[in-house]
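Take a look at the structure below.
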Amino acid sequence: MFRPVSNKVSLPQLENQVLSFWKDHHIFEKSVEARRGAGQFTLYEGPPTANGSPGIHHVLSRVFKDIIPRYKTMKGLYAPRKAGWDTHGLPVELEIEKMLGFTSKAQIEDYGVARFNAHCRESVFRYLKEWEAMTERIGFWLDMEHPYITLDNSYIESCWWALKQLWDKGLVYQGYKVTPHCPRCGTSLSSHEVALGYRDDAQDPSVYIKFKVAKSVYKSPGFLEKLRKGYGDREADFVKWLIDLTGEKPVYLVAWTTTPWTLPGNTALAVAADAEYGIVEVDEAYLILASVRLGKVGLGDAPLVAKVTGSDLVELRYEPLFNPFDFGVTVTRMDTPEKEGQPPSNVKWKQLASFNYPVIAGDFVSLEDGTGIVHMAPAYGEVDYDAGARKGLDFVHPVDLQGEFTGNYPFSGRFVKDADPLILEDLGERGLLYRSGTITHTYPFCWRCEAPLLYYAKRTWYIGTSREKEALVLGNAKINWYPEHIKYGRFGDWLENNVDWAFSRERYWGTPLNIWSCSSCGNYECVGGIDELKAKPDLKGLVEPLDLHRPFVDGITFACSKCSGEMKRQTEVLDCWFDSGAMPVAQWHYPFENCDDFDRSFPADFICEAVDQTRGWFYSLHAISTLLFGRPCFENVICLGHILDAEGEKMSKAKGNVVDPWAMLESYGADATRWYLITSSPAGNVRRFSGSIVAEVMRNFLFTLWNTYSFFIIYANIDQFDPKLPASPSLTDLDRWVMSRLNELIADVDNALDNYDPTTAGRRIETFVDELSNWYVRRSRRRFWKSQSDADKLAAYTTLYHCLVTLSKLLAPFTPFVAEEIYRNLVCSVDSEAVESVHLTDFPIADRAQVDTQLVDATRLAMTVCSLGRAARAKAGIKVRQPLSRVLVKVRSAAERDGLQRLASQILDELNVKEVEFAEGELTGDERGYALAEEGDYWVAVATEISSELKAEGIAREVVRRLQTMRRSAGLDIADYIVTYYQGGDIVQQVMTEFADYINQETLSRELVSAPPPDSSYAEKYRISDSEIVLGIQKVTG
RNA sequence: GGGCCAUUAGCUCAGUUGGUUAGAGCACGGUCCUGAUAAGACCGGGGUCUGUGGUUCGAGUCCACAAUGGCCCA
C-alpha cells in the first residue's frame, strides 16, 4: 500500500516535514558521502556579506547554486559544498556607526577600536543566524556546520600568506590614489556612498586662468640644445619660433576650472594633440587656446596671430601660479615614473629642489567645454594623478585631511571652499584671471554630513594586477560564462582595461594589513603568517590568545632586519574583496593545513553570483588566483541578472518595495519559489519579481504534478497495484507515446543541466507534466477505472508509475521537497530495500530505444485533430457528451493518415464519435451536414446529424454525469457501491434499460430501480433533453 | 560621459540558420468537459514585435542611430 495522500496539499507544511526527514536522517551528508572516492565537483560558495537580512535576490542565487551540485551528485560525482560568510568591511562598520550615532572616524577612535570591533563581530553573527535559517528553508544544501568565516584567525592568516606571496613577487607597492574624501568625516567614501550624494544644483566658480609661458627658461644658456636632445627638433623649433613671434610681450595659456582651490596644486597643463589652437593678441599680450573655443569665451573677434596644433605646444614650460617654494610647500615626484606599458614598481617618492611645469598631451582633453587646455593637479584628480604617474609630473599637495590649506599662503588655514574667492582675488590682482563667473552643475556631497566631497590623492597600497593582464585575459578565455556575452563583454572589457588594485583601507573592521614598516629607516616587511610573526626578533606587544584584528595587532612590534629599529604595523586593513577573493586558499587555511582539501577543490567547477560581481567577487577570485597560481580558479560560472520589483524598479529599503522571501516561503513554499526563479526567465536576464506568479506556478505546475501523483495513489491503492510485479508486456500506443516523451525529456533535461541551463530543463519538465496530466492520464482514466484487472490496466499502472518515479528524480535538483515526497511514497512505501531518499538515487538515463518519433509525431497530430474537432463541435453547438456518427479529417499525406489511423481509438474517444474517415485534398462541398474547423493544412469536420440512437446514448452519458456529480455531493467514497432510483418519461425508461450495463459500470451501481427514490437516498430532479428526470442514489453497505 | 544587457498582448515569457497569417500561460468574457485536478478544452477581445533609417525578393530576427529601463565604470 502506498500512503494515501490528499489532493488538497499544503506545500509549505509538507516541506517542513521533508526538512525534518532530511535532518533526522542526515540525507545531505549521506548524499555527499555516498559519492566519496568518485570524481569531485566543486562549488565555491561566494560568501554572502553578513551585514543584513537576506532578500529575494539572495534566494535566487542560492537556488541556482543548489541545483547544479544536486544534479552532479545524482550523476555520480562527489560534491562537498562548504558554506562561507563574508564578515568584514565598511558596510558592517557603517551600521555600527549608525547604531552608536557616530559621524566620523575620530569618534570611533575615542570610543575605542576594541569596543567598536566587538560590536561589528556581534552584529555579523546575528545576521548569520537569519541566513542559516533561510538557507535551510529553501533547501539549499550546504555544509553550514563547517563554514569558512572571513573573521577567523585561520582565514586571516591565509590572506596574509596570499598577500606575502604577491609581496615576494614584487607585486605590492605603495602609491597614491585619488578618492572622494569628506573633509568633515575625515574619511574616503566608497563609490556607492558617493552615488548617494550627487546634487545637480551645486553652485561653483567657473573661472578662466592665465598661465604665463616661461620664456625666461628658454633664454637660459644651452636650454634649447638640451630640449632638442631630450625631446627632438620639433619642440625646440617651436619654442624658438614662438619667442621670435611674441618678442617681449607675455604669452598665456588659458585654462578653465570650477575648483580654484586646486590651482596651488597645479603642475601641468594638458592639450589635445590633434586639435588646432589659436594665438590671439589682446592688450599687449598673447593668449593661447583651442580655436573652436575662442568664440565661446569672447575672443572670436580678437586678432588671430597664428594657428598651431596641440602637439606643438607640448613641452612648453610655464610659470607656477603659486610657486610652492615661496609658500613653504614641498614638491615631490615619483622616482621611477610609470611609463606606458611598463609595470609599476615599488615607487619611492623623492623631494625636489626645483619644479618643472610642462604642457602635456592628453586624450582626455575635451573641446566641448573650457578652453581645450586642461589644468592638471595630480593631487586632486584621478585623471590628473594617472597622467602625473605616467609622465613623472611634480606633485604638490598643500591641503590637509580637514580640507584646510597648509603652508604659508595668504589663505593658509582656510577651508578650501572658503579659500576659493581669496585665490581668485589674488590671481586677479596679478592679472592672471581672464574671466570669472559661476556655474550650476552636478557635484557629489557627503551623504552623511552634506559637506562637499574633495577629490584627494591619498597614500594607498596597490597590487600590480595590470602587470599580469595578459595572464588574466588568457585565463578568462578558458572559463565558460553563462550567459556567454559576459565573457568578452563586461568581464573581458574589465580585464582589458585592468588597473592596479588599490586594496588598503583606512578602517577598523577587516583583515589587518600585514605590512610592518621601520620607524627608523623606512624599511618595509610583509609578514606571511603567525609563526613567522612570532619568530621575529625582539617581538613585543603580542597578546595571547591572539586575535588577528585591530587593535590587538596594532601594538605588535619587532626589530627591523636592516637597522634594528622598531617595526610598526601599517594601520590599514584589507579591502574585503581581498578576503572573499582569497577563499580558494583561505577556506582551507591553506597552506598551513588541509593542503589535500585545497588541492582537490581547486579550481572550482562552478560558481554562481549576480552580474554586479563582475567587478566584485568574480574579479577578486580571478585576480588573486591568477597572481598566486597563474590560472583561473573557476571553470563554469552562471552570472545572474538582477531582480527588480513588479514595476521594474530596483528594490531598496528606502522605496519599501523589497520582497521578503519568508512571505513567499510561508504562502507558497520553497519549491514554488524555486520553480518560479528557475523557469520564469533565463538566469542572466533581469527579472521583475511577482508574487502572483509564484502562486500561479504553484497552481499550474506543482498542483498539476501533485494531482497526477495523488490520482495514481488513489487508484493504485484501490487496485492494490504492486510495482514490483514484472512490467506488463501489453503496452498500448498511449503508453509507448508517454514513454517516448519521457525518454526525450530525460535526454533534454540532462543535456540542459550539463550546459548549466536549468531554465530550459525546467521548462521541458513543465511541458511533460502538462502532457502527462492532460493527455496521458486524461486518455487513460478509463483504464484505471474499469473493474477488471487485466494486462491493459497493469500496463497503465506500470507506465504511470514509471513516469512519476522518473519525474521525481528529474525534479530532485529543482524542487527537492515535492520530489522527495513523491519518491518516498511511490518507492520507499512499498520497497524496504530502496534507498531512503530521491537525493541518493542516480539521475535517470535516457533510453533512446524507447523513443518512437513516428508515434510522437502522430500523437501531436492527433492532439491537433482533437482540438479542431472540439472547435467544430462548439461551432455546431453540440456538447462533447453527445455522441456523433463520424468525423472527417483532412491530412496532408498517406503517412499522416496511417499515423492517425493507428491512433483512431484515441480520437474517437476524445471527440465522442463513432468513426473517423480521412480525406486528402481541398474541401469539396460534400461536407453538408458537417460542422468544420480548420487550421493550416488541416481541417476536421464532424457530422452534425443526431439519430435517435445517438440521442439515447447522449442521454445515457448525461445521466452518468449527473449520477457522478450526485455521488460526490452525497459524500460517497470513490469506490462505494450504490443503488440507483429513477423516474421519468418514455425516453428515460428506454435509456435506463438500454444502457443499464454502461450506467451501472460507470457509476458503480448494483442496480437501476425504476421507482421514486426512498427518503434515505440522495435525490435530485433534472431536465435532460426536454424530459423531466428524478434520480436518487443510495449507498450499498457490505 | 563610456561600456554591457534588455524592450514581443494588460502581466510573465517563447519565437531555431532571415521565409506562410508572430505564439503560450496568467488575467477578462462566453461555452464546454470532468469522480485526479486549485486543473483542462473550445471560442472571443487584446500586438504599428520600443522608435527611425538601412541591407534584402522577404526583417520580430541582420546593421546603424535614438528612446526607455537595469547593471557596471567615469
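Computed from a predicted structure; not experimentally measured. In what follows, every heavy atom counts, from backbone to side chain, and hydrogens, waters and symmetry copies are set aside. Convention: sequence-line order gives letters A, B, ...; per-chain numbering from 1.
A donor-acceptor contact under 3.5 Å is formed by the side chain of A:Arg961 with the base of B:U34. Under 3.5 Å, the side chain of A:Arg870 and the base of B:C42 form no donor-acceptor pair of N or O atoms. One can find a donor-acceptor pair under 3.5 Å joining the base of B:A36 and the side-chain atoms of A:Ser773.
For the C1' atoms, the distance linking B:G46 with B:U8 amounts to 14 Å, nearest Å.
Looking at which nucleotide of RNA chain B each of A:Arg957 and A:Phe703 is closest to, the 5′-most match is held by A:Arg957. In this structure, A:Cys866 and A:Lys879 both approach RNA chain B, and ranking their closest nucleotides by distance from the 5' end singles out A:Lys879.
B:A14: no Watson-Crick or G-U partner with both key distances under 3.5 Å is found in any strand. Pair assignment for B:C62: B:G54, on the basis of Watson-Crick or G-U wobble contacts that are both within less than 3.5 Å. Of the nucleotides present, none pairs with B:A39 by Watson-Crick or G-U wobble criteria with both distances under 3.5 Å. The base-pairing partner of B:U7, taking Watson-Crick or G-U wobble contacts with both distances under 3.5 Å, is B:A67.
No salt bridge links A:Arg881 with A:Glu953; every basic N to acidic carboxylate O contact stays at or beyond 4.0 Å. With salt bridges taken as basic N to acidic carboxylate O contacts below 4.0 Å, one links A:Arg783 and A:Asp735.
Between A:His485 atom NE2 and B:C5 atom P there is a gap of 6 Å when expressed in whole angstrom units.
When distances are taken from the side chain of A:Ser867 to each of B:A27, B:U34, B:C42, the shortest belongs to B:C42. You'll find that the side chain of A:Ser680 is closest to B:U12, out of B:U12, B:C43, B:U34. In the set B:C4, B:C26, B:C72, the nucleotide with an atom closest to the side chain of A:Asn700 is B:C26.
The aromatic rings of A:Phe2 and A:Tyr801 sit tilted, their planes meeting at an angle between 30° and 60°.
Results of the ring-ring contact (aromatic ring centres under 6.0 Å, His included) test with A:Tyr676 over A:Phe689, A:Phe814, A:Tyr668 single out A:Phe689 as the only residue that passes.
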